[in-house]
Amino acid sequence: MLCLGIESTAHTVGVGVARQQDKTEILANVNSSYSPSIGGIHPREAAEHHVKALPELMEKSIEAAGIEFEDLDVISFAKGPGLGPCLRVGATAARTLALTLKKPIIGVNHCIAHIEIGKMTMGCKSPVMLYVSGGNTQVISYRQKRYRIMGETLDIGIGNLLDKFGRQFSIPFPCGPRIEELARTGKKMLDLPYSVKGMDVSFSGILTSLSTLSGEKLEDLCFSLQETAFAMLVEVTERAMAYLEKDELLLGGGVASNQRLREMCSIMAKERGAGAFVPKGQYCVDNGAMIALLGLLMKDQASSDLDRTKVNQNFRADEVEVTWL
Ligand code: ATP
Ligand code: FE2
C-alpha cells in the first residue's frame with residue numbers, strides 16, 4: 001500500500017510518500033518553504049509559492065520513492081488547520097492527482113500527522129505531545145478514540161510570538177533561530193507576564209510587555225522571552241502528563257528545534273521518570289511525509305467523494321475519530 005501526501009498548511013509545501021507492507025516506512029519527503037522578503041507570512045504570496053513549487057516536488061517525491069505515479073493506492077492532503085489560500089493549493093493538487101489516477105483521496109488533520117510521524121520515527125507509544133510551531137501551540141494526547149487537546153494557547157502561537165517580536169528588531173523570518181542565538185548571551189531575567197490558565201497559556205501579554213522594555217539589551221530580551229514562555233509550556237505539558245499518567249513526552253513543530261526548549265523538556269521528563277522524544281529536524285517541521293503516513297493510517301476512510309475534501313482552516317485534532325489505534 002502506497003500513499004502520496006501533500007502538506008501546505010502554512011509557509012511550507014511538501015510531498016511525501018509512505019509505504020505499508022510488513023512495516024510502515026517513509027520513502028520520500030521533499031519540501032520547499034516560502035520566506036517573505038519583508039515582514040511575516042503573506043498567505044496569498046505563500047500560496048503562489050506553493051503553486052509554483054508543487055509540480056516539481058511531486059515529480060521529485062515519486063523519483064525519490066523509486067515508484068511510478070500509477071503505483072500509488074491513495075492520495076492524502078492536509079485539510080487543516082492552516083491558512084486558507086495555502087490549504088486550497090494542496091487540496092486542489094491532491095484532488096487533481098486523485099482524479100487523474102482514479103484513486104481515493106483523504107484530507108487529514110495536520111496536528112495528528114505531527115504526532116503520528118513523531119511516534120513512528122521515535123518509537124514512542126502513547127505520548128503527550130507538545131506541538132509548538134508558528135501557528136499552533138497545543139498539548140495533545142490520545143484518550144478514548146480521540147487525540148484530545150489538553151491545553152493550548154489562548155491567543156498567538158509560540159512561534160508567532162517569536163516572529164512578531166523578532167520583526168520589531170528587523171530579524172528576518174523565521175526569527176526563532178536568531179532569537180535562540182541571542183538568548184545564549186543574555187543574562188538578565190526581565191519580569192514578563194507568566195500566563196498559565198489551567199493547561200492553557202497566553203503569549204500576547206509577553207509581546208506587549210517586551211515592547212515597553214526598550215532600554216534593555218536585545219540579548220536579555222531574548223533570554224527572558226525564552227525562559228518565561230518555555231517555562232509556561234513545560235508547566236502545562238507536565239500538568240497534562242501528570243493528569244493522564246503518561247510517561248512519554250513528544251516534541252514537534254518548528255519551535256522544537258530550539259535547544260533550550262528541548263533541554264527544559266528533558267529536565268522535566270527526567271524528573272518525572274519519563275522519556276523525552278524529539279523527531280529529526282525534517283520530521284519536526286511541517287513536511288509531506290507525515291501527511292502521507294497519516295493518509296496510510298486512515299486509508300479506510302479515503303473515498304472518491306470530493307465533497308469530503310473541503311479544507312477547514314480551524315480543523316481541530318479532537319474532531320477526528322481515531323480508528324487506527
Ligand atoms: P504550522 O502550520 O504548523 O503552524 P509553521 O509554518 O509555523 O507551521 P514550522 O516550520 O513548524 O512551520 O515552524 C516555524 C516556526 O518555528 C517559526 O515561528 C520559527 O520562528 C520557529 N523556529 C524555527 N527554529 C526555531 C528555533 N531554533 N527556536 C525557536 N523557534 C524556532
Ligand atoms: Fe505544523
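As the structure lists them, so they are numbered: ligands from 1, and atoms in each ligand from 1.
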Of Glu245, Glu238, Glu248, the residue whose pairing with Arg272 passes salt bridge (charged side-chain N to carboxylate O under 4.0 Å, His left out)
Glu238
Taking Ser76 for its side chain and Gly107 for its backbone only, find out whether a donor-acceptor pair lies under 3.5 Å.
no
So, of the N/O/S atoms that His114 has, which is the nearest one to the Fe ion (ligand 2)?
NE2
For ligand 1, what are the residues with a heavy-atom contact below 4.0 Å?
Thr9, Ala10, His11, His110, Tyr131, Ser133, Gly134, Gly135, Asn136, Gly159, Leu162, Asp163, Pro174, Cys175, Gly176, Pro177, Glu180, Gly253, Gly254, Val255, Ser257, Asn258, Val285, Asp286
Could you check whether any side-chain N or O of Asp200 sits under 3.5 Å from a backbone N or O of Gly151, counting only pairs where one atom can act as donor and the other as acceptor?
no
Tell me every residue that passes salt bridge (charged side-chain N to carboxylate O under 4.0 Å, His left out) with Lys164, counting only those two or more places apart in sequence or in another chain.
none
Does any N or O in the side chain of Arg262 come within less than 3.5 Å of the main-chain N or O of Ala256, such that one atom is a donor and the other an acceptor?
yes
Tell me which N, O or S atom from His110 is the closest to the Fe ion (ligand 2).
NE2
How about Tyr131: does one of its N, O or S atoms come closer than 2.8 Å to the Fe ion (ligand 2)?
yes
Side chain of Arg146, backbone of Asp318: donor and acceptor closer than 3.5 Å?
yes
For the Fe ion (ligand 2), the nearest N/O/S atom on Asp286 is atom OD1
Do any N or O atoms from the side chain of Glu7 and from the backbone of Thr9 form a donor-acceptor pair under 3.5 angstrom?
yes
